[in-house]
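Below, all heavy atoms of this structure are taken into account, side chains as well, without hydrogens, waters or symmetry copies.
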Amino acid sequence: MILRYDVIVIGGGHAGCEAACASANMGAKTLLVTMDMNKIAQMSCNPAVGGIAKGQIVREIDALGGQMGLVTDATSIQFRMLNVGKGPAVWSPRAQCDRGKFIWEWRRTLDNTNNLDIWQDQVCELLTEKDEVIGVRTIWGAEIKGRCVVVTAGTFLNGLLHIGRKQIPGGRIAEPAVADFTDSITQHGIRTARMKTGTPVRIDKRSIDFSCLEEQPGEEHPYQFSYMNAGRRLRQLPCWTVNTNEKVHEVLRSGLADSPLYNGQIQSIGPRYCPSIETKLVTFPERNQHPLFLEPEGEDTNEMYLNGFSSSLPMDVQIEALKQMPAFTNLKVYRPGYAIEYDFFDPTQLKHTLESKIINGLFMAGQVNGTTGYEEAAGQGLVAGVNAALKCVGMDEFIMHRDESYIGVLIDDLVTKGVDEPYRMFTSRAEYRILLRQDDADRRLTERSYELGLARRSRYDWWMEKKGFIDEIENFCKNFPVKAKDINPALEQLGTTPLQFGVKLEELIARPQLNFKKLAEFIPQLKEILNRPLNRQEEIAEAAEIRIKYKGYIERERVVADKMHRLENIRIKGHFKYNELQSLSTEARQKLIAIDPETLAQASRIPGVSPSDINVLLVLMGR
């Protein structure tokens with residue numbers, strides 16, 4: 001049997017779902033191939049979306065017309081805005097989700113997407129002709145022809161599960177690994193390596209003594225990920241915190257000899273920023289406790305997730321260690337934690353579109369590129385899906401720059417620097433994070449996405465309505481005069497310096513002690529404009545306040561970003577034979593040959609390429 005499509009997406013995880021929806025919504029005839037239609041967008045680890053920098057990525061996906069924010073809001077059982085004690089450049093939304101409902105909300109989304117079909121099967125071979133994709137073949141003998149293939153196989157490629165000394169092939173617990181597909185790709189000269197990740201024990205809620213835990217409630221503030229959602233649907237639930245103790249550590253240490261991480265069983269590198277509990281003990285031997293977070297898996301289940309206790313120790317060691325904590329004396333678990341090793345492909349072999357430099361029409365997204373996290377995967381999936389659809393009709397590629405989105409930072413880091421451990425996004429990775437705030441993703445991306453054909457008219461119209469309200473507030477504050485004699489009593493009451501003479505309202509807003517809410521009590525005109533009957537009115541007003549309060553910082557960073565764009569506009573790909581440029585350092589020549597950067601700006605970000613090497617290239621470009 002032969003099936004024919006424009007774009008074939010392999011894998012129904014977070015990258016695959018976004019890739020398939022994006023491709024289909026761009027008008028390409030798309031097929032999503034997944035091993036299990038009942039586990040679409042499975043949250044293999046933590047049942048949560050967002051977090052530090054990750055929340056910004058989800059907002060960007062939504063602004064572009066993607067689905068992750070919509071699905072998260074529909075299945076959220078707790079929402080929090082992280083980092084609110086710091087500047088708004090690093091505020092990050094995060095939502096705890098109902099794992100089961102998340103899957104079925106995604107399934108509903110896929111089922112209602114035009115131009116998109118789903119095929120339940122396992123791909124075993126990439127089909128090519130003259131280094132160009134022509135389709136795939138499955139284990140059941142189906143031959144699927146396609147102009148582009150997007151690989152989003154997650155941890156399934158030669159996946160190997162570890163619990164203690166026990167090893168079982170698998171892509172996730174109780175799910176089979178994919179054995180042959182990697183070889184059908186690497187035979188073309190594409191480099192592969194191994195990575196490792198892990199997940200914690202799952203606990204039966206009925207066996208927990210909650211009186212020994214500290215409750216961590218969510219927020220009632222009307223934040224959501226997507227501006228297209230009307231409100232929360234599900235009951236909001238608390239999370240809980242607890243600390244390990246020395247008795248727990250003693251039991252864990254007794255099992256280190258059987259730990260796959262320390263007995264030589266696992267050779268690959270795991271995520272530095274999400275270490276296993278045994279790695280924490282070895283790395284920080286002086287610490288007598290480590291924080292754990294107990295999180296609900298859904299509103300209708302007793303299953304709970306113990307964040308911070310990722311482990312591949314023998315199951316009896318994991319359970320006995322946890323029983324040393326008062327909250328878990330009578331502990332019952334659904335399954336122990338485990339580690340998994342899997343294949344990934346060196347992402348420096350990709351273009352910024354996430355298309356392979358070696359096989360024309362082959363795109364890759366998610367953990368197969370060496371990343372970790374649902375959000376990083378989804379962002380890559382959307383970009384790969386869009387570019388695959390564009391390639392099918394011969395249109396210009398879609399690339400986001402580092403000053404345009406966290407997704408742009410993520411992809412540039414991957415294809416320019418590569419990875420030596422599972423890549424996780426942080427705000428510190430973005431040099432323009434004042435420009436990349438979670439509150440203005442639609443300002444940066446929605447109009448461009450609408451012109452591209454991805455964002456729908458409803459998404460564009462909502463952004464224009466939001467933009468109009470923000471502009472109205474900004475113009476009002478810029479032009480509204482405040483007289484000293486009228487406002488000084490209020491300023492003294494609010495603990496800030498009185499005025500010597502009149503100013504415009506935006507100057508008062510810039511003061512750290514003041515905000516819209518405080519000043520609106522003393523300026524009726526401001527209160528009136530802020531109370532417009534508009535969906536998400538409070539959050540939009542907050543976005544306007546941030547733009548006013550941090551105007552100077554935003555403008556300064558914009559100037560710096562614009563200067564870097566000059567280097568982005570100097571294209572160097574194909575201009576040089578780097579091995580012949582003796583004026584470059586040996587390391588620079590090697591790195592430039594390996595990466596073959598598109599622009600001078602990309603070359604400047606390659607580790608090992610110094611400013612003096614960039615100056616040499618600038619001089620040669622001038623010639």
Side-chain angles (χ1 to χ4, degrees), residues 128 130-132 185-193 269 344-364 368-371 380 383-384 387 391 396-405 407-421 423 428-432 559-623:
T128 63
K130 298 179 181 179
D131 293 327
E132 185 166 348
I185 293 175
T186 57
Q187 69 178 353
H188 297 277
I190 293 177
R191 299 184 301 277
T192 186
I269 299 174
F344 79 99
F345 304 98
D346 181 356
T348 63
Q349 301 167 107
L350 301 174
K351 304 173 185 177
H352 278 80
T353 59
L354 297 180
E355 183 183 13
S356 170
K357 296 176 181 177
I358 298 171
I359 302 178
N360 191 31
L362 174 65
F363 294 78
M364 295 184 177
V368 294
N369 288 341
T371 63
Q380 293 174 70
V383 171
N387 279 301
K391 188 176 182 69
D396 291 342
E397 59 195 19
F398 173 65
I399 294 174
M400 289 182 284
H401 298 295
R402 295 181 71 91
D403 64 331
E404 195 173 11
S405 69
I407 300 173
V409 174
L410 163 67
I411 293 175
D412 185 64
D413 280 351
L414 291 176
V415 304
T416 301
K417 302 175 183 178
V419 292
D420 56 10
E421 62 180 318
Y423 181 103
S428 59
R429 295 191 190 272
E431 61 270 43
Y432 306 119
V559 169
V560 174
D562 288 343
K563 287 181 179 178
M564 181 54 69
H565 270 301
R566 298 171 192 171
L567 294 183
E568 295 284 4
N569 293 330
I570 301 176
R571 302 192 68 82
I572 62 174
K573 188 177 178 67
H575 281 271
F576 300 113
K577 294 181 179 178
Y578 296 113
N579 61 325
E580 298 178 1
L581 299 181
Q582 297 304 312
S583 51
L584 295 175
S585 68
T586 301
E587 183 179 9
R589 289 199 303 273
Q590 293 171 346
K591 294 292 182 65
L592 289 167
I593 291 169
I595 304 298
D596 193 16
E598 296 282 343
T599 67
L600 200 59
Q602 185 189 356
S604 72
R605 294 190 290 270
I606 297 174
V609 178
S610 69
S612 62
D613 295 318
I614 297 300
N615 284 334
V616 168
L617 295 177
L618 268 172
V619 171
L620 293 173
M621 286 299 292
R623 292 178 185 173

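Nearest heavy-atom pair across Ser585 and Gly608 is OG-O, 4.3 Å. Smallest separation of non-hydrogen atoms from Pro607 and Glu587: O-OE2, 4.4 Å. Residues Val415 and Ile595 share a closest heavy-atom pair of O-CG2, 3.8 Å. Closest approach of Ala430 and Val409 over heavy atoms only: CB-CG2, 4.1 Å. Taking each heavy atom of Ser583 and Val616 in turn, the nearest pair found is OG-CG1, 3.3 Å.
Expressed to the nearest 0.5 Å, how far CG of Leu584 lies from NZ of Lys591 amounts to 13.5 Å. For the atom pair OG of Ser356 and NE2 of His188, the computed distance is 9.5 Å after rounding to the nearest 0.5 Å. If you take CZ on Phe363 and NZ on Lys391, they are separated by 6.0 Å, rounding to the nearest 0.5 Å. Note: Leu600 CG to Arg566 CZ = 13.5 Å, rounded to the nearest 0.5 Å. Remark: Asn579 CG to Thr586 OG1 distance equals 12.0 Å, nearest 0.5 Å. Considering CG of Leu618 and OG of Ser612, their distance stands at 11.5 Å, rounded to 0.5 Å.
Within the 4.5 Å cutoff, the side chain of Ile572 has no heavy atoms near those of the Gln602 side chain. Side-chain contact between Lys417 and Tyr423: absent, with no pair of heavy atoms (C-beta onward) separated by less than 4.5 Å. The shortest distance between side-chain heavy atoms of Leu362 and Thr128 does not fall below 4.5 Å. Inter-residue side-chain proximity for Leu620 and His575 is flagged as unmet; no heavy-atom pair is nearer than 4.5 Å. When side chains are defined from C-beta on, Tyr578 counts as touching Asp596, because their heavy atoms get closer than 4.5 Å. Here the side chains of Arg589 and Gln582 are in contact, with some heavy-atom distance below 4.5 Å. At a threshold of 4.5 Å between non-hydrogen side-chain atoms, the residues Leu567 and Thr599 do not count as touching. For the pair Val560 and Tyr432, the minimum side-chain heavy-atom distance is below 4.5 Å.
With Asn387 contributing its side chain and Val383 its backbone, the two residues share a donor-acceptor pair below 3.5 Å. Judged by distance alone, with hydrogens and angles left aside, the side-chain atoms of Asn369 form no donor-acceptor pair with the main-chain N or O of Thr371 at under 3.5 Å. Although no hydrogens or angles enter the test, the distance criterion places no donor-acceptor pair under 3.5 Å between the side chain of Gln349 and the main chain of Ile358.
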Would you sort out whether Leu410 and Arg429 count as a side chain to side chain contact (heavy atoms under 4.5 Å, CB included), showing the intermediate values?
CA-CA 8 Å; Leu410 163 67; Arg429 295 191 190 272; over 6 Å; no

Evaluate Asp412 against Met400 for side chain to side chain contact (heavy atoms under 4.5 Å, CB included), listing each step before the verdict.
CA-CA 9 Å; Asp412 185 64; Met400 289 182 284; over 6 Å; no

Candidate pair Phe576 and Leu592, rule side chain to side chain contact (heavy atoms under 4.5 Å, CB included), full reasoning
CA-CA 10 Å; Phe576 300 113; Leu592 289 167; over 6 Å; no

Please walk me through it: do Ser610 and Asp613 pass side-chain hydrogen bond (donor to acceptor under 3.5 Å, both in side chains)?
CA-CA 5 Å; Ser610 69; Asp613 295 318; 2.9 Å; yes

Should Ile411 and Ile399 be marked as a side chain to side chain contact (heavy atoms under 4.5 Å, CB included) after you check the CA-CA gap, both sets of side-chain angles, and the distance that decides it?
CA-CA 9 Å; Ile411 293 175; Ile399 294 174; over 6 Å; no

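Annotation for Asn569: atom CG counts as buried by contact number, over 12 foreign heavy atoms lying within 6.0 Å.
Salt-bridge formation is not detected for the pair Arg605/Asp413: no Lys NZ or Arg NE/NH1/NH2 atom is positioned less than 4.0 Å from an Asp or Glu carboxylate oxygen.
Checked options Arg571, Lys357, Lys351; the residue passing with Glu598 is Arg571 (criterion: salt bridge (Lys or Arg N to Asp or Glu O under 4.0 Å)).
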